Number of protein chains: 2
Amino acid sequence: MKKEEKFKLSNSLRTFIKKKRKELGLTQVDLADKAGVGLRFIRELEQGKRSLQMDKVNQVLILFGYELGPAPMNREKLINEKS
Amino acid sequence: MKKEEKFKLSNSLRTFIKKKRKELGLTQVDLADKAGVGLRFIRELEQGKRSLQMDKVNQVLILFGYELGPAPMNREKLINEKS
DNA sequence: TTATTATATACCCTTTAGGGTATAAATACA
DNA sequence: TGTATTTATACCCTAAAGGGTATATAATAA
C-alpha cells in the first residue's frame, strides 16, 4: 500500500462534501466557519483523510442535511475506485 | 444539553453494530480482535461515543460489508430519537 | 502581466482518542 | 445458588487529531 493511500478514504465522502460546498457557493473558509470546525479540518476532509473524527464530520454534513451512517459497500466500487 | 448527550451518536450506528455483532455470535472481544481495534473502542462504539475516528469505525463496519457514508438525515428521527 | 482570492502545505501546540489493564457489575449457565 | 462469561467503568499513557497561523502554490479576474 502506497503511503498516501493510508490517508485516502472512500471517494464518496470527500467528493460529496466538495460537491455540496460548491453547490452552495461556499469557500472552504465559509464552510469551516458555518460548521464550527477549523479550516484545516475542511481541507483534510476534502483531501480524504481517513482518521477524521465522526463528530466533526457530522458538524459539516448536517449543514447539508446529511449525517454519517453505515452504508453497504459495493464491491464493484471497491475494485474500480481509483485511489 | 445533558452531559452524556454530548457523547451519544445517532442510535443507528451503535445499534447497527451491536445487532450485527450479535447476529454473528461474537463477543466484544471477538469483534475487537477481528477488526484489529482495541476492546475499549468497541465499547465506546456500542455506547454511542460521537468522536470516534472514522477509520477505526470502518475497520469494524467492513467486517459486516458496510462502511461509513453520508446518509440523508430524516427529521422525523431527529425529533423522535431518544437521547 | 499583476492583484486578488482560493486552496494546499508546514509548523507549533493543546487536547483527546484509544490502547492496555485492573476492577466492578451484569448476564448466562451449571 | 455459585461460577464462568460478558460487558462496563476507571486509570495511565502515547500517538495523533485538529486548531491556529504563516507561507506557498494554484486559480481567477482586471
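Numbers restart at 1 for each chain; the letters A, B, ... are given by sequence-line order, proteins then strands. Scope of the values below: all heavy atoms of this structure, side chains included, with no hydrogens, waters or symmetry mates. If you're wondering where the values come from, they're calculated on a predicted model, not measured in any experiment.
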- Message: Tell me the interatomic distance from B/Ile42, atom CD1, to D/dT6, atom P, rounded to whole angstroms.
- Response: 15 Å
- Query: Nearest-Å distance, NZ (B/Lys56) to P (C/dA17)?
  - Reply: 12 Å
- Can you check the A/Leu31 CG to D/dG19 P distance for me, whole Å? 12 Å
- Task: Mind checking B/Val29 for me? I need base, sugar-phosphate or nothing, with any heavy atom below 4.0 Å counting as a touch.
- Result: nothing
- Is a donor on one side and an acceptor on the other found under 3.5 Å between the side chain of B/Asn58 and the backbone of B/Leu68? yes
- Value in whole Å for how far the P atom of C/dT23 lies from CZ of B/Arg43: 15 Å
- Task: Please check if the side chain of B/Gln59 supplies one atom and the backbone of B/Ala35 the other of a donor-acceptor pair under 3.5 Å.
- Result: yes
- Item | Backbone N/O of A/Arg14 and side chain of A/Glu46: donor-acceptor pair under 3.5 Å | no
- Starting at the 5' end of DNA chain D and moving along, which residue's nearest nucleotide shows up first, A/Phe41 or B/Leu39? B/Leu39
- Message: Let's go through B/Arg43 and B/Gln28 carefully: what are the C-alpha distance in whole Å and the side-chain angles of both, what is the deciding distance for side chain to side chain donor-acceptor pair (under 3.5 Å) to 0.1 Å, and is it a yes or a no?
- Response: CA-CA 7 Å; B/Arg43 281 166 188 165; B/Gln28 291 178 338; 2.9 Å; yes
- Between C/dA17 and B/Ser51, is there an OP1 or OP2 to side-chain N/O distance shorter than 4.0 Å? yes
- Measure from NZ on B/Lys49 to C1' on C/dT15 and round the result to the nearest Å. 12 Å
- Rounded interatomic separation in angstrom, taking CD from B/Gln47 and C1' from D/dT7: 8 Å
- Atom CG of A/Asp33 and atom P of C/dA6 are separated, to the nearest Å, by 12 Å
- Query: Between C/dA10, C/dA6, C/dG18, which nucleotide has the shortest distance from any of its atoms to the side chain of A/Arg40?
  - Reply: C/dA10
- Message: Does D/dA16 have its OP1 or OP2 closer than 4.0 Å to a side-chain nitrogen or oxygen of B/Gln53?
- Response: no
- Measure from CD on A/Gln28 to P on C/dA8 and round the result to the nearest Å. 5 Å
